[in-house]
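Owing to the predicted nature of the structure, the values given are computational and were not obtained by experimental measurement. Quick note on labels: first sequence line is chain A, next is B, and so on, each numbered from 1.
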2 protein chains.
Amino acid sequence: MNSKADLEKEVLMAAAEYGINSVLFRNAMGRKLGLNITESECLSLLRIKGISNPTELARYTGLTTGATTTMLDRLEKAGFITRKHNPNDRRRVLIEINSEAAVTSVSLVSGVQKAHKELIASYSDTELEIIADFLTRFTQNVKEHTHMIEQDLR
Amino acid sequence: MNSKADLEKEVLMAAAEYGINSVLFRNAMGRKLGLNITESECLSLLRIKGISNPTELARYTGLTTGATTTMLDRLEKAGFITRKHNPNDRRRVLIEINSEAAVTSVSLVSGVQKAHKELIASYSDTELEIIADFLTRFTQNVKEHTHMIEQDLR
DNA sequence: ACTCTATAATCAAGTTACTTGATAATCAAG
DNA sequence: CTTGATTATCAAGTAACTTGATTATAGAGT
């Protein structure tokens, strides 16, 4: 018999657990590919977004832009990414994840992605709507508070 | 009008978005507290678990145990954590997050925690059960595949 | 068209944090 | 009570990061 309060706690804990295990997964994969933590984080973002740029990656990894440049040098040399010119703004650089690298790392990711897809497919439309709504709102909270902290930093 | 396939994709994307924004939040908070990335990650785990040990923190941060020792030295010196002896095993050390440090960092976290709790409270029991179930199973996928990758590393 | 300011990425020098391998202490099994 | 495994630490060498300057480009205002 679960009270509402118990359920609420359970959801909060489950969300935290997910965060913890995402980090552990990223670490395991990074170690497998011979990458350090920041390189792993960088590729994590690129695997989701496909394409990015040094500024965004600096923000995501928490590095300075200087450190990001040398990190991207390493990833480029190792064949994980490619730098391309941004045709709309010649100051900017586009960072693409290489398809071969994507294949290697995605082959590690594909297993869990497949499992996720199967899990999701097992829910009804109504349930999926509830889940999507929750995740979106939950993420929105995180976004807003990140913004507040960053504002406060200036 | 959303097809089931669209909904499934939406959930998958929303989960990824949550992961991305958790990282950005952690970075913002770390910068606010004058911590580097690994120190921030360490405190993130301690804020959830309250108490841990060097081995677990090494795994979580992706550091070697050597690097973990010096990182904990820094966090201890800065007053964020305390080392205590494990009474059950004298080789082991317990790492506790300091209440003052918890207060400082929790005051940053408390805002988003409060928002999360309010959000969660706005759902019905039935909805919360669906959400908790989904998050737990989703996390289980991640755990299993982390384990597979780690097995494969030996 | 032409400054001026802002932004993007890079680079070079100095600093910090990490890895590796060794060591000490303790535990648990035989 | 010996042996092998585990936990944390330490010391030396290496790798990655920060800071501040530099180059190139963009966009706004005159």
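Legend: residues meeting side-chain contact (heavy atoms from CB on, under 4.5 Å) with A:Thr136, ordered by chain and number and at least two apart, are B:Ala14. Not counting sequence neighbours, the partners of B:Glu39 by the salt bridge (Lys or Arg N to Asp or Glu O under 4.0 Å) test are B:Arg74.
Pairs engaging residues 27-70 of chain B under the ring pair (Phe, Tyr, Trp, His ring centres under 6.0 Å) rule: none recorded [sequence neighbours left out]. For residues 16-25 of chain A, the set of pairs meeting the salt bridge (Lys or Arg N to Asp or Glu O under 4.0 Å) definition, not counting sequence neighbours, comprises A:Glu17-B:Lys143.
The phosphate of C:dT26 (OP1 or OP2) has no side-chain N or O of B:Arg92 nearer than 4.0 angstrom. Regarding contacts with the backbone of C:dA8, every side-chain N or O of A:Asn86 stays at 4.0 angstrom or more from both OP1 and OP2. Note on B:Arg74: a side-chain N or O is less than 4.0 Å away from OP1 or OP2 of C:dC18.
The main-chain N or O of B:Arg59 is found under 3.5 Å from a side-chain atom of A:Asn27 such that the two form a donor-acceptor pair. Side chain of A:Glu127 to backbone of A:Ser124: a donor-acceptor contact under 3.5 angstrom is found. The main-chain N or O of B:Val93 is never found under 3.5 Å from a side-chain atom of B:Asn86 such that the two would form a donor-acceptor pair. For A:Lys4 (side chain) and B:Ala121 (main-chain N/O), a donor-acceptor pair under 3.5 Å exists by modelled atom type.
The interatomic distance linking A:Leu57 (CG) with D:dC17 (P) rounds to 13 Å, in whole Å. Between the CG atom of A:Asp73 and the P atom of D:dA15 there is a distance of 16 Å, given to the nearest Å. Between B:Asp89 atom CG and D:dA8 atom C1' there is a gap of 11 Å when expressed in whole angstrom units. Between the CG atom of A:Leu35 and the P atom of C:dC18 there is a distance of 17 Å, rounded to whole Å. Between the CG atom of B:Asn27 and the P atom of D:dC17 there is a distance of 13 Å, rounded to whole Å. Between the CG atom of B:Leu72 and the C1' atom of D:dC10 there is a distance of 14 Å, given to the nearest Å. Taking atom CZ of residue A:Arg59 and atom P of nucleotide C:dA8, one finds them 13 Å apart after rounding to whole Å. Here the P atom of nucleotide C:dA17 and the CE atom of A:Met71 are 19 Å apart, to the nearest Å.
Defining each end axis of the helix from C:dA1-D:dT30 to C:dG30-D:dC1 as the rotation carrying four pairs' C1' atoms onto the next four, with five pairs an end, the two axes are found to diverge by 40° to 10 degrees.
When heavy atoms are screened at a 4.0 angstrom cut-off, A:Asn53 is found touching the sugar-phosphate backbone but no base atom.
Classification of the B:Phe138-A:His116 ring pair by plane angle, with boundaries at 30° and 60°, yields parallel.
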Can you give me the N/O atom pairs linking the protein to nucleotides 18-24 of chain D at distances under 3.5 Å, or say none if there are none?
unit_1	atom_1	unit_2	atom_2	d
D:dT18	OP2	A:Thr64	N	3.1
D:dT18	OP2	A:Thr64	OG1	2.9

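For B:Glu39, the listed nucleotide lying nearest its side chain is C:dA17; candidates were D:dT9, C:dA9, C:dA17.
Nearer the 5' end of DNA chain D, as judged by each residue's closest nucleotide, is the contact made by B:Leu94, out of A:Thr38 and B:Leu94.
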